Amino acid sequence: MVTNVALAKAGFSTGTTPVTFGYLLMGALAPLALIGLIVRPVLSPSALLHVLLAYLPVGLFAVYKVQTAFGSPGELLVVGTNFLILPIIIIGLFSPYLEDLTEAQICTVLRWSVRFAVAWGLMNFFMYAMTKSFIAIPYVTMNAADAAEVFGKNNRRGGFMKLVSTYNNGNIFGVCMITLGPVYLYAEKSRGWMAAFLLAILLTLSRSAWFGMVVMGGVMVALGQVRVNRGPVWLGGLAAIGGILIIMPFLGWTSDNLFDSNLGGRFYQVEQLVITWFGTPQVSIREIVYLGLLQSFGLVGFLFEMLALTFPVLVNALRLRHLPMLRRAAVAGMLSYMAVAALDGAFIFPPVLGLFLFMSALTYRRGYRATARQAALPAPAGR
């Protein structure tokens with residue numbers, strides 16, 4: 001979580017392919033995780049089925065398509081990592097270990113990681129607004145290859161720069177915070193930090209992130225994580241709406257910009273959609289994730305990929321309201337991301353899918369394993 005949430009883009013690039021330390025660390029730990037599971041087999045049946053029935057077929061199909069289309073090594077690395085390697089590592093190998101961690105341990109690390117990302121983002125946003133400069137540390141708070149390109153990544157909004165934090169892109173930061181949001185807001189006890197978190201999403205100046213923030217709130221209410229009869233909830237909602245209305249004139253936007261029928265220049269993806277049974281030779285996932293999946297994998301592959309994305313929700317659908325709050329919040333994060341993915345899901349860019357898969361893994365956490373073992377022990381003599 002530290003490398004994928006707090007320092008999400010720390011890393012370097014090979015050619016045009018970014019390599020983040022967070023993903024490298026997961027790959028380095030995967031063999032140790034596998035050895036641990038062989039020594040002490042504690043696999044979650046649901047997580048294992050998720051990988052075998054959904055992600056494995058899609059991942060192998062995606063890698064096959066890249067190879068038959070003579071894709072570049074960079075393309076093979078990106079496709080193989082996102083569709084095959086990450087799901088196997090995070091859901092198949094890492095998810096059982098979440099039961100060796102207490103809820104407090106998970107929430108504490110996540111809370112401080114998000115706090116750092118929010119604080120760094122807010123600091124640089126206001127620093128740039130006042131001085132037209134910002135602080136960046138290559139290899140740590142940004143990919144070393146992005147040192148001169150932060151402004152070239154669609155991060156400009158008139159005289160402002162989107163809040164990008166350590167994600168180097170406002171849309172990616174927004175999408176990731178929406179995905180983590182329900183779990184973070186469950187873990188966070190400080191209303192000040194909650195307000196800073198929502199402000200950071202607002203200052204991404206991303207309409208997709210704003211839409212996601214509304215969806216996130218609605219999902220949290222629907223799953224019982226937030227009660228609408230509480231004053232702070234209404235105050236937060238009104239503050240977010242007021243913030244958007246205040247920001248829009250500074251950006252030169254009207255309501256036509258807020259509700260753009262051209263989908264922010266993405267409508268061409270709808271017009272160019274070609275639906276086949278098994279998709280086009282190339283795998284290309286653009287901003288509107290579902291159109292990219294449908295065109296790349298065809299109807300058959302699209303159904304498998306949708307099964308992969310929704311499997312944890314389907315498994316827990318009948319008992320959503322009875323799940324522990326941490327698991328319910330993880331489901332809310334997944335649903336929030338899947339809504340944003342209809343506009344701009346940043347699917348192939350680190351650490352988006354890694355964080356989505358982390359939410360998926362959290363939905364399978366049955367509890368703290370040590371507590372279960374202690375409960376199974378016989379009572380001490382004399383009691």
Side-chain angles (χ1 to χ4, degrees), residues 26 33-34 37 41-62 82-103 106-107 110 178-184 186-187 215-216 218-226 289-290 293 297 300-342 345 347 352-369 371-372:
M26 284 194 286
L34 177 60
L37 294 179
V42 289
L43 287 174
S44 165
S46 297
L48 189 59
L49 285 175
H50 188 183
V51 172
L52 294 178
L53 297 182
Y55 275 116
L56 189 60
V58 170
L60 292 175
F61 183 44
N82 282 285
F83 290 99
L84 188 62
I85 297 174
L86 283 180
I88 291 175
I89 291 177
I90 297 175
I91 296 179
L93 298 181
F94 286 179
S95 63
Y97 290 96
L98 290 173
E99 297 178 13
D100 288 316
L101 300 171
T102 65
E103 184 174 295
I106 295 171
C107 289
L110 177 64
I178 294 300
T179 305
L180 294 172
V183 174
Y184 168 71
Y186 168 68
V215 171
M216 180 181 70
V219 172
M220 290 170 67
V221 169
L223 295 185
Q225 184 178 347
V226 171
V289 173
Y290 303 118
L293 293 173
F297 297 133
V300 175
F302 178 76
L303 291 176
F304 272 99
E305 180 61 26
M306 290 307 299
L307 176 63
L309 295 177
T310 61
F311 193 90
V313 180
L314 298 175
V315 166
N316 293 296
L318 297 179
R319 50 198 177 114
L320 272 178
R321 296 299 293 248
H322 303 288
L323 291 177
M325 188 55 74
L326 180 62
R327 293 176 64 182
R328 226 185 305 171
V331 171
M334 293 182 61
L335 292 173
S336 300
Y337 172 77
M338 286 189 283
V340 176
F347 189 80
V352 176
L353 189 58
L355 298 184
F356 178 82
L357 292 171
F358 172 53
M359 293 297 102
S360 302
L362 269 181
T363 67
Y364 297 129
R365 182 180 178 274
R366 293 163 291 192
Y368 180 39
R369 187 177 294 118
T371 302

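Everything quoted here is computed from the prediction, not taken from an experiment. Numbers here are sequence positions counted from 1.
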- Task: For Y186, check side chain to side chain donor-acceptor pair (under 3.5 Å) against everything at least two apart and list the hits.
- Result: E103

- Task: Any ring-ring contact (aromatic ring centres under 6.0 Å, His included) involving residues 301-334? Give me the pairs, sequence neighbours left out, ordered by first then second residue.
- Result: H50-F311

- Task: Measure the shortest side-chain to side-chain distance between Y55 and L357 over non-hydrogen atoms and say whether it is less than 4.5 angstrom.
- Result: yes

- Shortest non-hydrogen contact from M325 to G224? CE-O, 3.8 Å

- Message: Between C107 and T102, is the side-chain contact (heavy atoms from CB on, under 4.5 Å) condition met? List the steps.
- Response: CA-CA 9 Å; C107 289; T102 65; over 6 Å; no

- Query: Does F347 have any ring-ring contact (aromatic ring centres under 6.0 Å, His included) partners at least two apart in sequence or in another chain, and if so, which?
  - Reply: F83

- Message: For L98, is there any backbone N or O sitting under 3.5 Å from a side-chain donor or acceptor partner on R365?
- Response: yes

- Item | Which residues share a side chain to side chain contact (heavy atoms under 4.5 Å, CB included) with L314, sequence neighbours left out | L307, T310

- Is there a side-chain contact between F356 and L309 (heavy atoms, below 4.5 Å)? yes

- Message: With heavy-atom distances below 4.5 Å as the criterion, would you say the side chains of Y364 and L48 are in contact?
- Response: no

Tell me which donor-acceptor pairs under 3.5 Å the side chains of residues 329-342 have, and how far apart each pair is, sequence neighbours excluded?
residue	atom	partner	partner atom	Å
S336	OG	A332	O	2.8
Y337	OH	G345	O	2.9

- Message: Using side-chain contact (heavy atoms from CB on, under 4.5 Å), reason through T179 and V352 one step at a time and then give a plain yes or no.
- Response: CA-CA 8 Å; T179 305; V352 176; 5.7 Å; no

- Query: Heavy atoms, side chains only, cut-off 4.5 Å: are L180 and M359 in contact?
  - Reply: yes

Report, one line per pair, each donor and acceptor closer than 3.5 Å where one atom sits in a side chain of residues 89-96; sequence neighbours left out.
residue	atom	partner	partner atom	Å
S95	OG	I91	O	2.4

- Report yes if some heavy atom in the side chain of N82 is under 4.5 Å from a heavy atom in the side chain of P87; otherwise report no. no

- Message: For the backbone of V58 and the side chain of E305, can you confirm whether one donor and one acceptor N or O come within less than 3.5 Å of each other?
- Response: no

- Query: How would you list all residue pairs meeting side-chain hydrogen bond (donor to acceptor under 3.5 Å, both in side chains) that involve residues 324-335, not counting sequence neighbours?
  - Reply: N316-R327

